[in-house]
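What follows is a short report on a single structure.
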Amino acid sequence: MIRLAIQSKGRLNEDSLRLLREIGINIDDAKRKFLGKAADFPLEVLYLRDDDIPGVVEGAASDIGIVGLNEIAETGADVEVLRKLGFGACRISLAVPKTVEYPGLEWFQGKSIATSYPAVLRRFLAENGIDAKVREIKGSVEIAPAAGIADAIFDIVSSGGTLVSNGLVEVKSVLESEAVLICRKDLPAEKKALLDTILFRIDAALESQGKKYVLMNLPTAKIDEALKLLPSMRSPTVMPLAAEGWSSVSTVVCEKTLWQTVESLKGIGAEGILVLNLDKVID
Ligand code: PRT
Ligand code: ZN
């Protein structure tokens with residue numbers, strides 16, 4: 001049995017459970033308490049506040065955990081970061097009131113900064129030789145300047161909407177974050193085997209992200225040209241069609257370049273192009 005700590009509620013909870021489902025580990029949510037159990041894998045789920053996850057994994061009360069990199073940076077927990085998971089993307093940034101004429105980082109000398117990430121902020125200030133007052137507050141950091149609590153803030157930003165609606169401007173991104181899978185040090189061998197299975201499945205799920213499976217019919221004479229248009233091709237499959245002089249080509253294409261690729265392929269005579277979602281890519 002391996003124990004995984006995930007956020008009990010909040011931004012990372014749903015995506016963490018979705019990732020588990022994607023890798024064939026289903027937790028009965030209806031029975032969610034403090035500790036849940038997977039029906040189809042020797043795994044227990046411990047539901048915690050995100051702030052507590054790094055410490056609980058470090059202390060071995062949980063073997064692995066899913067948490068934002070920002071929390072690892074803040075707690076300084078001694079854990080292994082095994083995988084970036086591709087959700088919960090955000091950054092911790094310095095922001096100032098939009099009325100401020102901002103010359104650069106030196107503006108922060110002697111100023112006060114409100115934050116829920118005092119350790120990360122103190123490190124950054126020290127590294128940059130800035131002497132500023134760090135005011136730790138637990139929530140609603142974005143209202144601190146308007147409320148007269150601090151001159152500026154250091155907080156999580158994702159879309160930037162919260163800053164705009166509070167009359168603030170982001171001036172420096174200090175830490176890029178996303179949800180990561182962490183592991184305690186010195187995992188016992190029997191748990192290591194379970195972790196390896198989980199990692200194998202996660203890698204297959206991550207590998208399929210941002211990719212599509214594309215299938216098309218092409219005049220056989222155009223195959224060489226088509227192969228040149230498909231730089232991201234993993235395993236090009238070319239098969240003759242029943243119709244004389246035609247072939248079927250199938251490959252995996254990056255979503256970012258999908259439309260460009262499809263349009264170029266059409267340009268050289270591709271027909272009946274099918275674009276399919278990829279569920280897993282297993283190497
Ligand atoms: O109760 P618990 O302690 O578990 O949850 P929490 O309230 O501390 O955290 P929660 O659920 O808000 O966030 C969990 C994790 O999600 C964070 O630790 C980050 O790793 C990640 N994450 C991703 C975010 C955001 N995006 C985010 N936008 N965490 C917080 N925010 C907040 C931010 O604090 C600010 O108030 O959203 C606001 C900014 O959003 P934008 O889109 O307006 O810029
Ligand atoms: Zn929290």
Side-chain angles (χ1 to χ4, degrees), residues 3-20 27 29 32-36 45-59 61-62 64-77 79-98 113-124 134-147 149-183 202 206 209:
R3 189 183 278 183
L4 165 74
I6 65 168
Q7 196 187 19
S8 55
K9 48 188 181 340
R11 286 165 203 267
L12 303 183
N13 170 267
E14 254 181 46
D15 280 330
S16 303
L17 289 168
R18 176 196 44 78
L19 176 66
L20 288 176
I27 315 292
D29 229 2
R32 189 201 299 190
K33 293 181 194 119
F34 181 55
L35 201 60
V45 172
L46 187 58
Y47 296 99
L48 296 174
R49 287 200 57 178
D50 67 343
D51 321 50
D52 295 330
I53 293 174
V56 165
V57 172
E58 180 183 33
S62 185
I64 52 178
I66 296 177
V67 69
L69 211 48
N70 50 306
E71 293 298 333
I72 315 278
E74 181 59 25
T75 56
V79 294
E80 279 184 58
V81 175
L82 298 175
R83 294 289 185 281
K84 291 185 173 177
L85 298 175
F87 60 86
C90 59
R91 54 199 185 271
I92 320 184
S93 293
L94 283 162
V96 303
K98 65 175 184 211
I113 309 168
T115 188
S116 310
Y117 293 89
V120 179
L121 177 56
R122 285 200 177 94
R123 253 192 328 264
F124 175 78
V134 176
R135 291 200 198 288
E136 183 177 354
I137 54 175
K138 295 282 180 203
S140 306
V141 173
E142 66 280 359
I143 63 151
I149 297 168
D151 300 310
I153 68 162
F154 180 63
D155 198 13
I156 291 188
V157 181
S158 70
S159 68
T162 303
L163 293 183
V164 171
S165 52
N166 285 279
L168 299 166
V169 184
E170 183 178 7
V171 292
K172 174 79 186 162
S173 162
V174 169
L175 185 109
E176 296 281 329
S177 177
E178 68 179 274
V180 290
L181 181 72
I182 57 170
C183 178
I202 287 181
L206 293 178
Q209 281 177 9

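All figures in this text were calculated on a predicted structure; none of them were measured in a lab. Read the numbers this way: they start at 1 and go in the same order the structure lists the ligands and their atoms. Side chains are part of it too, since the values below use all heavy atoms of this structure and drop only hydrogens, waters and symmetry mates.
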Exercise. Side chain to side chain donor-acceptor pair (under 3.5 Å) with Tyr117: which of Arg122, Glu74, Glu71, Arg123?
Worked result: Glu71
For this session: Report yes if the side chains of Pro145 and Asp151 come closer than 4.5 Å at any heavy-atom pair, otherwise no.
Result: no
Problem set entry | Per-atom contacts of ligand 1 with Val157, taking only distances under 4.0 Å to non-hydrogen atoms | 44 (O)
For this session: Check whether any protein heavy atom sits under 4.0 Å from atom 43 (O) of ligand 1.
Result: yes
Exercise. Hey, are the side chains of Leu82 and Ile202 touching, using non-hydrogen atoms and a 4.5 Å cut-off?
Worked result: no
Exercise. What atoms of ligand 1 come within less than 4.0 Å of a heavy atom belonging to Gly10?
Worked result: 11 (O)
Problem set entry | Element-labelled atoms of ligand 1 that are located less than 4.0 Å from some non-hydrogen atom of Ile156 | 19 (C), 24 (C), 25 (C), 27 (C), 29 (N), 30 (C), 31 (N), 33 (C), 34 (O), 35 (C), 39 (C)
Exercise. Quick one: are Phe154 and Val134 in side-chain contact, heavy atoms under 4.5 Å?
Worked result: no
Seminar exercise, completed: The atoms of ligand 1 lying under 4.0 Å from a heavy atom of Gly88, numbered in the order shown, are 21 (C), 23 (C)
Exercise. Of the protein's non-hydrogen atoms, which lies at the shortest distance from atom 41 (P) of ligand 1, and what is that distance?
Worked result: Ser159 OG, 3.4 Å
Exercise. Between Ser93 and Glu170, does any side-chain donor sit less than 3.5 Å from a side-chain acceptor?
Worked result: yes
Exercise. Looking at atom 38 (C) of ligand 1, what's its closest protein heavy atom, distance included?
Worked result: Thr162 OG1, 3.6 Å
For this session: Using distance alone, determine whether Gly160 and ligand 1 share an N or O pair under 3.5 Å.
Result: yes
Exercise. For atom 1 (O) of ligand 1, which protein heavy atom lies nearest, and how many Å away is it?
Worked result: Arg49 NE, 3.5 Å
Exercise. Is a donor on one side and an acceptor on the other found under 3.5 Å between the side chain of Glu58 and the backbone of Val79?
Worked result: no
Seminar exercise, completed: For Gly161, the ligand 1 atoms with a heavy-atom partner under 4.0 Å come out as 43 (O), 44 (O)
Exercise. Would you say Thr115's side chain and Glu136's backbone share a donor-acceptor pair under 3.5 angstrom?
Worked result: no
Problem set entry | Nearest non-hydrogen protein atom, atom 26 (N) of ligand 1 | Cys90 CB, 3.6 Å
Problem set entry | Distance from atom 17 (C) of ligand 1 to nearest protein heavy atom, with residue and atom | Asn70 ND2, 3.7 Å
For this session: May I ask which of Glu178, Glu71, Glu170, Gln7 has a heavy atom nearer to atom 4 (O) of ligand 1 than the others do?
Result: Gln7
Problem set entry | Shortest-distance N/O/S atom, Asp50 versus the Zn ion (ligand 2) | OD1
Exercise. Are any of the side-chain heavy atoms of Val67 and Ile72 separated by less than 4.5 Å?
Worked result: yes
Problem set entry | Residue Gly68 vicinity, atoms of ligand 1 by number, heavy atom under 4.0 Å | 20 (O)
Exercise. Are the side chain of Ser62 and the backbone N or O of Ala5 linked by a donor-acceptor pair below 3.5 Å?
Worked result: yes
For this session: Can you sort out which atoms of ligand 1 are near Leu12, meaning under 4.0 Å from one of its heavy atoms?
Result: 15 (C), 16 (O)
Problem set entry | Residues, nucleotides or ligands: over 12 heavy atoms within 6.0 Å of Glu14 CD | no
Exercise. Are side-chain heavy atoms of Ser8 and Phe34 found at a separation under 4.5 Å?
Worked result: no
Exercise. Nearest to atom 31 (N) of ligand 1 by heavy atom, Glu142, Glu74, Lys138, Arg11: which?
Worked result: Arg11
For this session: Of all N, O or S atoms in Asp51, identify the one at the shortest distance from the Zn ion (ligand 2).
Result: OD1
Problem set entry | Minimum-distance protein heavy atom relative to atom 8 (O) of ligand 1 | Asp50 OD1, 3.2 Å
Exercise. Under 4.5 Å between any side-chain heavy atoms of Leu163 and Asp155, yes or no?
Worked result: no
